[in-house]
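Below is one structure, written out as structure tokens; comments come after it.
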Amino acid sequence: CRDQDILSRLVKPWTNFQQASGRGSMALLDHVIGLASKAQNHQLCAISIHSKGQISYLRSQNSVARQCAEQALNLYKQCGDLSGQADCIRSQGELVRMQSDHDQASQLFDQALNLYQQIGGLQGQANCIRSKGDLAHSQSDHAVASQFFKQALNINQQTGNLLGQAQCI
């Protein structure tokens with residue numbers, strides 16, 4: 001159990017490293033997924049699968065990313081983790097936005113935003129609103145995009161998230 005606690009604390013920093021550097025193998029995440037599945041630790045399994053999906057998305061492995069988001073979402077539902085569910089739904093929204101399915105992306109972003117609002121997750125709300133701005137921008141609706149970016153910027157200023165602020169400018 002202690003090993004699983006350690007792994008749980010390492011998964012997100014390892015994912016952040018891989019996302020930022022573009023380096024690293026999926027082998028560690030696959031190993032953690034295997035251990036978590038065997039131990040029936042649905043939370044750790046969900047975190048690891050979602051992390052694998054995020055890295056796959058950045059590597060343009062969209063079918064793997066989609067599959068991971070769906071698997072992780074189901075596991076987060078089993079655990080009752082609304083934040084994890086919202087993260088997965090937002091990931092699904094990003095994937096369909098990249099495929100130019102704007103209506104589906106908008107629905108997914110709204111769904112995720114609703115969950116973040118239920119739990120008071122300001123950073124998640126800001127990310128969803130920024131994603132809605134990206135979506136409006138990709139549809140050349142610049143006035144709506146600007147409103148979303150301003151709204152997300154305000155939340156990021158409240159939370160002191162400098163990267164989030166920069167992404168909204």
Side-chain angles (χ1 to χ4, degrees), residues 8-24 29 43 46-62 64-73 75-77 79-169:
S8 183
R9 287 194 304 264
L10 292 176
V11 167
K12 286 194 179 186
W14 176 248
T15 301
N16 291 340
F17 166 75
Q18 285 189 305
Q19 287 175 326
S21 70
R23 298 175 184 247
L29 287 173
Q43 185 75 25
I47 291 167
S48 302
I49 291 171
H50 188 235
S51 295
K52 181 178 178 177
Q54 291 174 306
I55 294 165
S56 296
Y57 172 77
L58 292 175
R59 293 180 178 176
S60 297
Q61 299 167 338
N62 291 344
V64 173
R66 187 177 308 99
Q67 183 180 30
C68 288
E70 289 172 16
Q71 288 176 348
L73 177 59
L75 289 166
Y76 281 128
K77 285 180 179 178
C79 300
D81 182 336
L82 294 181
S83 178
Q85 290 175 49
D87 290 343
C88 290
I89 293 167
R90 182 172 167 267
S91 293
Q92 290 173 328
E94 291 295 342
L95 285 162
V96 297
R97 181 179 68 86
M98 298 306 286
Q99 296 172 334
S100 298
D101 188 345
H102 299 142
D103 291 337
Q104 180 68 18
S106 181
Q107 290 173 7
L108 290 165
F109 293 143
D110 286 340
Q111 222 180 327
L113 180 59
N114 183 43
L115 288 172
Y116 287 124
Q117 289 170 335
Q118 284 181 40
I119 60 172
L122 289 178
Q123 192 56 57
Q125 291 176 49
N127 290 337
C128 279
I129 293 166
R130 184 177 48 80
S131 291
K132 288 173 70 72
D134 290 337
L135 181 62
H137 179 73
S138 71
Q139 295 175 291
S140 298
D141 194 344
H142 302 294
V144 171
S146 179
Q147 290 174 340
F148 283 130
F149 291 141
K150 286 177 184 175
Q151 194 177 355
L153 176 62
N154 287 336
I155 295 171
N156 282 309
Q157 288 172 333
Q158 289 174 20
T159 62
N161 181 349
L162 296 178
L163 176 60
Q165 291 175 48
Q167 291 171 330
C168 294
I169 295 175

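This one's a predicted model, so the numbers in the text were calculated from it and none came from an experiment.
The shortest heavy-atom contact between G53 and C68 is CA-CB, 3.5 Å. Of all heavy-atom pairs spanning I155 and A126, the tightest one is CG2-CB, 3.7 Å.
Annotation: ring pair (Phe, Tyr, Trp, His ring centres under 6.0 Å) contacts of H102 (sequence neighbours excluded): none. A65 pairs by the side-chain contact (heavy atoms from CB on, under 4.5 Å) definition with S56, Y57, L95, not counting sequence neighbours. With sequence neighbours excluded, the residues satisfying salt bridge (charged side-chain N to carboxylate O under 4.0 Å, His left out) with D134 are R130. Under the side chain to side chain donor-acceptor pair (under 3.5 Å) criterion, R66 pairs with no residue, sequence neighbours left out.
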Checking side chain to side chain contact (heavy atoms under 4.5 Å, CB included) for the pair Y76/L82: CA distance, chi angles, key distance, verdict?
CA-CA 7 Å; Y76 281 128; L82 294 181; over 6 Å; no
Walk me through whether Q92 and Q104 qualify under side chain to side chain contact (heavy atoms under 4.5 Å, CB included).
CA-CA 9 Å; Q92 290 173 328; Q104 180 68 18; over 6 Å; no
Show your reasoning for whether side chain to side chain contact (heavy atoms under 4.5 Å, CB included) applies to L163 and Q167.
CA-CA 6 Å; L163 176 60; Q167 291 171 330; 4.0 Å; yes
Please list every donor-acceptor pair under 3.5 Å in which a side-chain atom of residues 106-116 meets a protein atom from a residue at least two apart or in another chain.
unit_1 : atom_1 : unit_2 : atom_2 : d
D110   : OD1    : K132   : NZ     : 2.5
Y116   : OH     : D87    : N      : 3.3
Y116   : OH     : D87    : OD1    : 2.3

Side-chain donor-acceptor contacts of residues 143-153 below 3.5 Å, not counting sequence neighbours, with atom names and distances?
none

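The list of salt bridge (charged side-chain N to carboxylate O under 4.0 Å, His left out) pairs with a residue in residues 95-104, not counting sequence neighbours, reads E94-R97. Residue pairs satisfying the salt bridge (charged side-chain N to carboxylate O under 4.0 Å, His left out) criterion with at least one member in residues 160-169, sequence neighbours excluded, are absent. Screening residues 113-129 for salt bridge (charged side-chain N to carboxylate O under 4.0 Å, His left out), with sequence neighbours left out, gives no hits. For residues 122-143, the ring pair (Phe, Tyr, Trp, His ring centres under 6.0 Å) pairs, not counting sequence neighbours, are H137-H142.
Between atom SG of residue C88 and atom CD of residue Q54 there is a gap of 8.0 Å, rounded to the nearest 0.5 Å. Going from atom OG1 of T159 over to atom CD of Q165 covers 7.0 Å, rounded to the nearest 0.5 Å. In this structure, CD on Q43 lies 4.5 Å from SG on C79, to the nearest 0.5 angstrom. Atoms OG and CD, from S83 and Q123 in turn, are 11.0 Å apart once rounded to the nearest 0.5 Å. To the nearest 0.5 Å, atom NE2 of residue H50 and atom CD of residue Q85 are 11.5 Å apart.
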